[in-house]
Amino acid sequence: MFIFNRSLSGENFQTTRVLPTTAEETYTEGEGLVMTSGALTKVSATAKPEYIAAASYVAPASGNKPLAVYPVLPHHEYWTTFAADASAVTEGAKVTIHTDGAQVTATTTSGVATITRKLGSGASGTPVLVRFV
């Protein structure tokens with residue numbers, strides 16, 4: 001789960017937007033999202049998230065309600081965890097996003113999440129602070 005930690009530009013909280021969802025997609029609070037064909041969908045491993053889901057929601061086949069999301073800005077820092085052993089990855093490296101859209105991996109090839117601080121050894125499940133710049 002990506003959880004807002006702080007803004008490097010001074011604001012103390014994120015603002016929300018309400019955007020359309022993709023039919024039959026399951027959204028999880030704290031998951032990274034992008035807009036595709038005018039609707040929100042889970043971010044891929046090598047794409048920077050544009051939004052973070054503010055709530056969990058399962059979109060029906062039709063009649064989707066919009067989902068509240070937080071815009072991802074380059075000066076925002078987020079808490080998350082490593083989904084794999086990242087003990088060899090250093091702060092400042094860019095890593096990819098896990099398939100769950102809510103954690104980061106130890107893969108640096110085509111990375112999109114810049115590690116600003118490792119909060120432990122880097123073992124799987126270790127908390128980490130990241131930015132999407």
Side-chain angles (χ1 to χ4, degrees):
M1 162 182 284
F2 290 105
I3 302 169
F4 180 74
N5 181 51
R6 66 181 175 146
S7 169
L8 303 178
S9 69
E11 74 265 23
N12 295 323
F13 57 90
Q14 296 176 289
T15 56
T16 57
R17 293 188 63 191
V18 179
L19 297 172
T21 56
T22 299
E24 299 180 337
E25 185 159 338
T26 299
Y27 299 90
T28 305
E29 182 179 0
E31 172 181 67
L33 305 169
V34 293
M35 288 291 282
T36 302
S37 301
L40 294 166
T41 193
K42 185 184 299 188
V43 70
S44 68
T46 58
K48 289 182 187 176
E50 298 170 355
Y51 304 97
I52 303 293
S56 295
Y57 173 63
V58 178
S62 62
N64 299 343
K65 77 171 188 177
L67 179 67
V69 295
Y70 301 111
V72 172
L73 301 173
H75 56 276
H76 286 175
E77 184 177 63
Y78 298 89
W79 288 88
T80 191
T81 54
F82 286 115
D85 184 357
S87 55
V89 178
T90 60
E91 292 179 358
K94 287 187 173 187
V95 293
T96 60
I97 298 175
H98 188 261
T99 56
D100 66 6
Q103 299 179 84
V104 294
T105 69
T107 304
T108 55
T109 303
S110 301
V112 294
T114 302
I115 298 171
T116 57
R117 185 157 184 219
K118 290 169 68 173
L119 303 168
S121 67
S124 181
T126 300
V128 61
L129 296 173
V130 299
R131 288 178 51 209
F132 299 100
V133 290

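- Under the side chain to side chain contact (heavy atoms under 4.5 Å, CB included) test applied with Trp79, the options Val128, Leu129, Val130 reduce to a single match, Leu129.
- Taking the side chain as every heavy atom from C-beta outward, Ile97 and Pro49 approach each other to under 4.5 Å.
- In this structure, Tyr51 places its OH atom where more than 12 heavy-atom neighbours from other residues, nucleotides or ligands lie under 6.0 Å away.
- Taken together through direct or relayed side-chain contacts under 4.5 Å among Ile, Leu, Val, Met, Phe, Trp and Tyr, Leu119 and Ile115 form parts of separate hydrophobic clusters.
- With hydrogens and angles left out, the side-chain atoms of Thr105 and Thr96 include a donor and acceptor closer than 3.5 Å.
- Salt-bridge formation is not detected for the pair Glu25/Lys42: no Lys NZ or Arg NE/NH1/NH2 atom is positioned less than 4.0 Å from an Asp or Glu carboxylate oxygen.
- A 4.5 Å side-chain heavy-atom check between Val72 and Glu50 finds every atom pair outside the cut-off.
- The two atoms that bring Gly101 and Val43 nearest to each other are CA-CG1, 4.3 Å, heavy atoms only.
- Judged by distance alone, with hydrogens and angles left aside, the side-chain atoms of Lys118 form no donor-acceptor pair with the main-chain N or O of Glu91 at under 3.5 Å.
- A 4.5 Å side-chain heavy-atom check between Thr107 and Val95 finds every atom pair outside the cut-off.
- With hydrogens and angles ignored, the 3.5 Å screen pairs no side-chain donor or acceptor of Lys65 with any backbone N or O of Ala59.
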Can Gln103 and Thr80 be said to form a side-chain hydrogen bond (donor to acceptor under 3.5 Å, both in side chains), step by step? CA-CA 6 Å; Gln103 299 179 84; Thr80 191; 6.0 Å; no

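- Gly38 approaches Pro20 most closely through the heavy-atom pair O-CG, 3.2 Å.
- Here the side chains of Glu31 and Met1 are not in contact, with every heavy-atom distance at 4.5 Å or above.
- Residues Gln14 and Pro71 have side chains not in contact (no heavy-atom distance under 4.5 Å, counting atoms from C-beta outward).
- Val104 is listed as a side-chain neighbour of Phe82, based on a closest heavy-atom distance under 4.5 Å.
- Remark: Glu24 pairs with no residue by the side-chain hydrogen bond (donor to acceptor under 3.5 Å, both in side chains) rule, at least two apart or across chains.
- The shortest heavy-atom contact between Ala83 and Ser124 is O-OG, 3.4 Å.
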One pair to check against side-chain hydrogen bond (donor to acceptor under 3.5 Å, both in side chains): Ser9 and His75. What are the steps and the verdict? CA-CA 6 Å; Ser9 69; His75 56 276; 3.2 Å; yes

### Task
List the steps, then state whether side-chain hydrogen bond (donor to acceptor under 3.5 Å, both in side chains) holds for Arg131 with Tyr78.
CA-CA 6 Å; Arg131 288 178 51 209; Tyr78 298 89; over 6 Å; no

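- The hydrophobic cluster containing Ile52 does not contain Tyr57, counting ILVMFWY residues as joined when their side-chain heavy atoms lie under 4.5 angstrom apart, directly or transitively.
- Partners of Phe2 under the ring-ring contact (aromatic ring centres under 6.0 Å, His included) rule, at least two apart in sequence or in another chain, are Phe132.
- For the pair Lys48 and Val34, the tightest heavy-atom approach, listed with the atom from each and the gap, is O-CG1, 3.6 Å.
- Across Tyr27 and Leu33, no two heavy atoms sit closer than the pair CD2-CD2, 3.8 Å.
- Among residues two or more places apart in sequence or in another chain, the side-chain hydrogen bond (donor to acceptor under 3.5 Å, both in side chains) test is passed with Glu77 by Asn5, Arg6, Thr116.
- Screening Leu19, Leu40, Val18 against Leu67 for a side chain to side chain contact (heavy atoms under 4.5 Å, CB included) leaves a single residue, Leu40.
- Contact record, Thr108 with Ala93: CG2-CB, 4.3 Å, taken as the closest heavy-atom pair.
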Q.
Let's go through Thr22 and Thr41 carefully: what are the C-alpha distance in whole Å and the side-chain angles of both, what is the deciding distance for side-chain hydrogen bond (donor to acceptor under 3.5 Å, both in side chains) to 0.1 Å, and is it a yes or a no?
A. CA-CA 6 Å; Thr22 299; Thr41 193; 4.6 Å; no

